[in-house]
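Remarks on the structure that follows.
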Amino acid sequence: MELLEAIKKRRSVRSFKKEDVGEEDVNKMLQSACLAPTAGNVQPWKFVVVKNPKVKKDLAVSALNQLWMTEAPLIIVACADLNRAERFYGERGRTLYAVQDTAAAIQNILLTAASLGLAGCWVGAFSEARVIKTLDLSPGVRPLALIPLGYPNESPKPSYRFSLEEVVTLIE
Ligand SMILES: Cc1cc2nc3c(=O)[nH]c(=O)nc-3n(C[C@H](O)[C@H](O)[C@H](O)COP(=O)(O)O)c2cc1C
């Protein structure tokens with residue numbers, strides 16, 4: 001699929017078929033995450049792939065009870081490795097680059113999912129403390145997004161976007 005097509009096709013999907021996602025496709029999504037640009041190529045991220053039903057449920061409860069997440073055959077938890085970014089870039093690395101870098105990786109996961117006929121949703125509303133505890137994350141590893149992924153069981157309409165006139169300033 002062309003990149004632009006995947007960008008246009010991607011929707012946040014919150015209902016999934018029971019069908020499992022093949023290991024090859026999971027790896028493609030993770031590989032594409034790791035191809036995202038990062039400040040100084042520091043790659044300050046960690047990914048946790050959760051398939052265990054009990055752990056998925058715990059994550060969904062952590063995410064303000066968004067229980068639809070448990071329908072997904074897997075949830076990728078995208079984490080920023082704050083200490084690694086700080087080692088290279090100090091405070092700016094810790095508070096900005098690590099978050100930007102990991103966000104770029106998250107978008108790559110979602111676009112690759114779309115290109116493979118899969119779908120997911122970027123879930124950002126969750127208790128970080130609880131997710132850290134559930135996944136036993138190391139100090140400095142900050143979970144930024146829970147990404148339930150699977151074969152879509154719904155086809156949401158395109159969501160509203162501002163027009164370019166509303167968000168673009170041209171300086172010639
Ligand atoms: C940082 C961030 C946090 C989000 N958190 C949630 C969430 O907790 N639950 C949810 O259902 N969707 C969440 N979303 C998905 C947005 O609601 C969705 O991207 C937006 O409505 C646009 O729809 P679209 O993704 O289909 O284009 C989040 C998206 C982002 C980027």
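In listed order, ligands and their atoms are each counted from 1.
Distances from atom 10 (C) of ligand 1 to the heavy atoms of Gln107, Gln66, Arg10 put Gln66 nearest. One option in Ala125, Gly124, Ala63, Ala119 has a heavy atom closer to atom 3 (C) of ligand 1 than any other, and that option is Gly124.
For atom 7 (C) of ligand 1, the nearest protein heavy atom lies closer than 4.0 Å. Inside a 4.0 Å radius of atom 12 (N) of ligand 1 there is at least one protein heavy atom.
Within a 6.0 Å radius of NZ in Lys56, more than 12 heavy atoms belonging to other residues, nucleotides or ligands are found. With a 6.0 Å radius and a threshold of 12 heavy atoms from other residues, nucleotides or ligands, Glu128 has its CD atom above the threshold.
Between Glu19 and Pro73, the closest heavy-atom pair is O-CG, 3.5 Å.
The shortest heavy-atom distance from Cys121 to ligand 1 is under 4.0 Å. For Arg161, the closest heavy-atom approach to ligand 1 falls below 4.0 Å. Heavy-atom distances between Trp68 and ligand 1 reach below 4.0 Å in at least one pair.
Proximity to Arg11 (heavy-atom distance under 4.0 Å) selects the following atoms of ligand 1: 26 (O). Every atom of ligand 1 is numbered from 1 in the order shown, and the set under 4.0 Å from a heavy atom of Ser159 is 22 (C), 23 (O), 24 (P), 26 (O), 27 (O).
Contact check for Asn27 versus Glu24: no side-chain heavy atoms found under the 4.5 Å cut-off. Side-chain contact check for Thr102 versus Arg142: every heavy-atom pair is 4.5 Å or farther apart.
Counting side-chain heavy-atom gaps under 4.5 Å among Ile, Leu, Val, Met, Phe, Trp and Tyr, the cluster of Val131 also holds Val13, Phe16, Val48, Val50, Val55, Leu59, Trp68, Met69, Ile75, Val77, Val123, Phe126, Ile132, Leu135, Leu137, Val141, Leu146.
Classification of the Phe47-Trp45 ring pair by plane angle, with boundaries at 30° and 60°, yields tilted.
Judged as a ring-ring contact (aromatic ring centres under 6.0 Å, His included), not a single pair has a partner in residues 127-155 (not counting sequence neighbours).
Given atom 17 (O) of ligand 1, the protein heavy atom at minimum distance is Arg14 NH2, 3.3 Å. For atom 29 (C) of ligand 1, the closest heavy atom belonging to the protein is Trp122 O, 3.5 Å. If you check which protein heavy atom lies closest to atom 18 (C) of ligand 1, you get Ser12 OG, 3.4 Å.
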